[in-house]
Amino acid sequence: MSTPVETGVSVVKLGSNIGARIDGVRLGGDLSPEAVAEIRAALLANKVIFFRGQDHLDDDGQLAFGGLLGEVTLAHPTVRGVQNPNILPIDSEYGKANSWHTDVTFVDRVPAVSILRAVHLPPYGGNTVWANTVAAYESLPLSLKALVDGLWAVHTNSYDYAANIDELRIGGVDVKTEQYRKEFQSDLYETEHPVVRVHPETGERSLLLGHFVKRLIGVTSTESQALFQLLQQRVTRLENTVRWQWQHGDVAIWDNRATQHYAIADYDDQARRLHRITLAGDVPVSIDGTPSVVRTGDASHYSAAL
């Protein structure tokens, strides 16, 4: 019988429903397969995991580590003016992603995992909150489960990060912000996803919602809004969430198939910049086995890593 390999991976649980801190790991492309397997197991169990003290990590190291976990995608389906084609800067200079969302749900092949690294942090504020969408579904009463199990929703990038920014001056918006918004929406994508998807690795059921939802299908606009708000409130109940206070050298990894997240905009005009990569996922599948359907746009290029 083979002797277990010592990896040094230590998992510290942060809450009963979501979140764990991983100690004893120096992230990079040289991690052992055993350490990578333990990290993946911790991710699936806790939905979002955090690493402190990764100051050594740069863009190349972040990408190399991500490649051990899965297939690195392009930075974003529409954003092309980035320095590295696989890294999306989350930069307060261009707006703040302060709304509950799951990453890139407007395409058919929703990312499986997102990896976010702190690059420049404000002196205060700027925390991020994650919510467990599996726990949200599991806590629904049977009557609500019966209702949502067959629901579908249209997701679109017309509600992407820059789309919800308020006007910064009378008569218009900041020119730089406006240009960034237009780039996010330069190609229109709309996809029909089941409101309840089955996780391809764990078999768990989760609520696939967030701010990219344009409407629920088969109900009136008023009913759609009411149902959406009811379910979103279930997702974001405090018992389903974990809040992370960023420090320099931090890295967060979340299962994008089982979470939503929200970047808190409480740092005034201070600069905040983090670098995100995403790992390719499967097309979501409903409880009855029906896959998501593209309505508008071809995002096949998005999952093709360069």
So do [Y] and [X] actually touch side chain to side chain, heavy atoms under 4.5 Å?
X	Y	answer
R205	H199	no
N240	T133	no
I115	V251	yes
R276	I87	no
V148	L231	yes
L69	R40	yes
Y137	K145	yes
T191	V154	no

Without hydrogens or angle criteria, can the side chains of [X] and [Y] be said to hold a donor-acceptor pair below 3.5 Å?
X	Y	result
D108	S292	no
Q62	Q54	no
T278	T73	yes
H155	T105	yes
T7	E38	yes
D268	Y124	yes

Write down the atom of [X], the atom of [Y], and the distance for their closest heavy-atom approach.
X	Y	value
D266	G125	OD1-CA, 3.2 Å
G203	V198	O-CG1, 3.8 Å
L14	W244	CD1-CZ3, 4.0 Å
T241	R237	CG2-O, 3.4 Å

**Item:** Candidate list D59, D58, D250, test side chain to side chain donor-acceptor pair (under 3.5 Å), partner R117, passing option
**Value:** D59

If hydrophobic clusters are built from ILVMFWY residues whose side chains come within less than 4.5 Å, do [X] and [Y] share one?
X	Y	value
L116	V79	yes
L208	L279	no
V36	I39	yes
L151	V134	no

**Item:** Residue Q245 excluded, over 12 heavy atoms near CD under 6.0 Å
**Value:** no

**Message:** Surrounding CZ of R26 (heavy atoms of other residues, nucleotides or ligands, distance under 6.0 Å), is the total greater than 12?
**Reply:** no

**Message:** Which residues end up grouped with Y262 if you chain together Ile, Leu, Val, Met, Phe, Trp and Tyr wherever their side-chain heavy atoms are less than 4.5 Å apart?
**Reply:** W100, V129, I264

Can we say [X] and [Y] salt-bridge, meaning some charged N sits less than 4.0 Å from an Asp/Glu carboxylate O?
X	Y	answer
E204	R257	no
K47	D255	no
R295	E192	yes
E93	R272	no

Distance from [X] atom [atom1] to [Y] atom [atom2], nearest 0.5 Å?
X	Y	atom1	atom2	value
F51	I49	CZ	CD1	4.0 Å
D187	D298	CG	CG	10.0 Å
R243	T128	CZ	OG1	9.5 Å

When you measure from the side chain of [X] to the backbone of [Y], do you find a donor-acceptor pair of N or O atoms at a distance under 3.5 Å?
X	Y	answer
Q232	G210	yes
D282	P284	no
N256	D103	yes
N157	Y189	yes

**Prompt:** Should I22 and F50 be marked as a side-chain contact (heavy atoms from CB on, under 4.5 Å) after you check the CA-CA gap, both sets of side-chain angles, and the distance that decides it?
**Reply:** CA-CA 6 Å; I22 308 297; F50 306 99; over 6 Å; no

**Item:** Ring centroid separation H193 to W152 under 6.0 Å
**Value:** no

**Message:** Using ring centroids (six-membered ring only for Trp), state whether Y267 and W246 fall under 6.0 Å.
**Reply:** no

**Asked** Parallel under 30°, tilted from 30 to 60°, perpendicular over 60°: which one fits the rings of H248 and H120?
**Response** perpendicular

**Request:** Quick one: list whatever passes side chain to side chain contact (heavy atoms under 4.5 Å, CB included) with E223, sequence neighbours left out.
**Result:** V219, T220

